[in-house]
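Here, residue 1 is the first one in the sequence, and each next residue gets the next number.
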Amino acid sequence: MKKLLFLCSQNRLRSPTAEVVFSEYAGIETDSAGLDRYAEVPVSTEAIEWADIIFVMEKSHKQKLTKNFQPFLKDKRVICLHIPDEYEYMEAALIRLLKQKVLPLLKIPAEN
């Protein structure tokens, strides 16, 4: 079972969408959180320790994650997806983009 943690700023649009989309794949557990102080679900050390792979949406998220949680990131794979904050929750274009970027990293064939 691969455990994927998706992070964005507020945990309102991008990371919750990713959590839902990838939770439907066999052998994958998902969670999401936000890096801002007022996020819907703020990221925790427990979530970081739980995850096998951490996906952040923007470069600034990776910097904030590293700054605030460095001791917990030692053996963690942190991947920046470079997805800007311009999509709505569960928007078709966002789902396509997430699958296009994440599935190859998980070695899961893309659906046609």
Side-chain angles (χ1 to χ4, degrees):
M1 189 64 84
K2 267 198 195 335
K3 296 180 223 149
L4 313 180
L5 176 62
F6 295 93
L7 301 176
C8 64
S9 298
Q10 296 292 324
N11 191 229
R12 291 196 182 116
L13 305 171
R14 294 171 289 175
S15 59
T17 297
E19 179 182 5
V20 169
V21 167
F22 296 106
S23 70
E24 297 171 5
Y25 287 85
I28 292 178
E29 282 183 56
T30 60
D31 197 7
S32 69
L35 286 156
D36 287 355
R37 181 177 298 155
Y38 302 109
E40 294 287 317
V41 176
V43 68
S44 65
T45 54
E46 292 81 15
I48 291 168
E49 289 175 333
W50 168 85
D52 295 318
I53 305 173
I54 300 169
F55 291 97
V56 296
M57 299 297 160
E58 299 175 35
K59 203 167 148 184
S60 64
H61 298 146
K62 191 169 186 175
Q63 293 164 343
K64 191 179 273 192
L65 180 68
T66 303
K67 180 179 171 228
N68 296 332
F69 294 95
Q70 183 64 52
F72 304 95
L73 297 172
K74 272 189 181 55
D75 301 317
K76 297 294 175 180
R77 191 168 166 205
V78 180
I79 298 169
C80 182
L81 297 174
H82 302 286
I83 297 177
D85 190 9
E86 56 188 38
Y87 299 95
E88 294 300 318
Y89 177 70
M90 296 302 287
E91 184 178 329
L94 174 58
I95 293 169
R96 270 194 310 278
L97 191 55
L98 284 163
K99 286 182 177 182
Q100 176 188 330
K101 290 178 177 255
V102 174
L103 291 177
L105 296 169
L106 301 177
K107 297 179 177 44
I108 296 173
E111 305 136 354
N112 292 326

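F55 places a side-chain heavy atom less than 4.5 Å from the side chain of L105. Taking the side chain as every heavy atom from C-beta outward, S9 and H61 approach each other to under 4.5 Å. For the pair T30 and E24, the minimum side-chain heavy-atom distance is 4.5 Å or more.
The shortest non-hydrogen separation linking A47 to D31 is CB-OD2, 4.3 Å. The two residues I28 and F22 have their closest heavy-atom pair at CG2-O, 3.5 Å. The minimum heavy-atom distance linking K101 with H82 is given by the pair NZ-O, 3.9 Å. Nearest heavy-atom pair, F69 versus S44, reported as atom, atom and distance to 0.1 Å: CE2-C, 4.2 Å.
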Could you give me the CA-CA distance, side-chain angles and deciding distance for V21 and V102, then say whether side chain to side chain contact (heavy atoms under 4.5 Å, CB included) is met?
-> CA-CA 11 Å; V21 167; V102 174; over 6 Å; no

Might you work through the side chain to side chain contact (heavy atoms under 4.5 Å, CB included) test for I48 and L65, ending with a clear yes or no?
-> CA-CA 10 Å; I48 291 168; L65 180 68; 3.8 Å; yes

Test side chain to side chain contact (heavy atoms under 4.5 Å, CB included) on Y25 and L106 and set out the steps.
-> CA-CA 11 Å; Y25 287 85; L106 301 177; over 6 Å; no

I95 and M90: side chain to side chain contact (heavy atoms under 4.5 Å, CB included), yes or no, with the steps?
-> CA-CA 7 Å; I95 293 169; M90 296 302 287; 3.9 Å; yes

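The pair E40-R12 meets the salt-bridge criterion, since a charged nitrogen lies less than 4.0 angstrom from a carboxylate oxygen.
Shown here are the side-chain hydrogen bond (donor to acceptor under 3.5 Å, both in side chains) partners of E58, two or more places apart in sequence or in another chain: R14. Legend: residues meeting side-chain hydrogen bond (donor to acceptor under 3.5 Å, both in side chains) with S32, ordered by chain and number and at least two apart, are N11, E19. In this structure, the salt bridge (charged side-chain N to carboxylate O under 4.0 Å, His left out) partners of K64, at least two apart in sequence or on a different chain, are D36.
Residue I79 is not grouped with residue I54 when hydrophobic side chains (ILVMFWY) are merged at heavy-atom distances under 4.5 angstrom, including chains of intermediate members.
Separation of atoms CG (D52) and CG (L4) is listed at 7.5 Å; rounding is to 0.5 Å.
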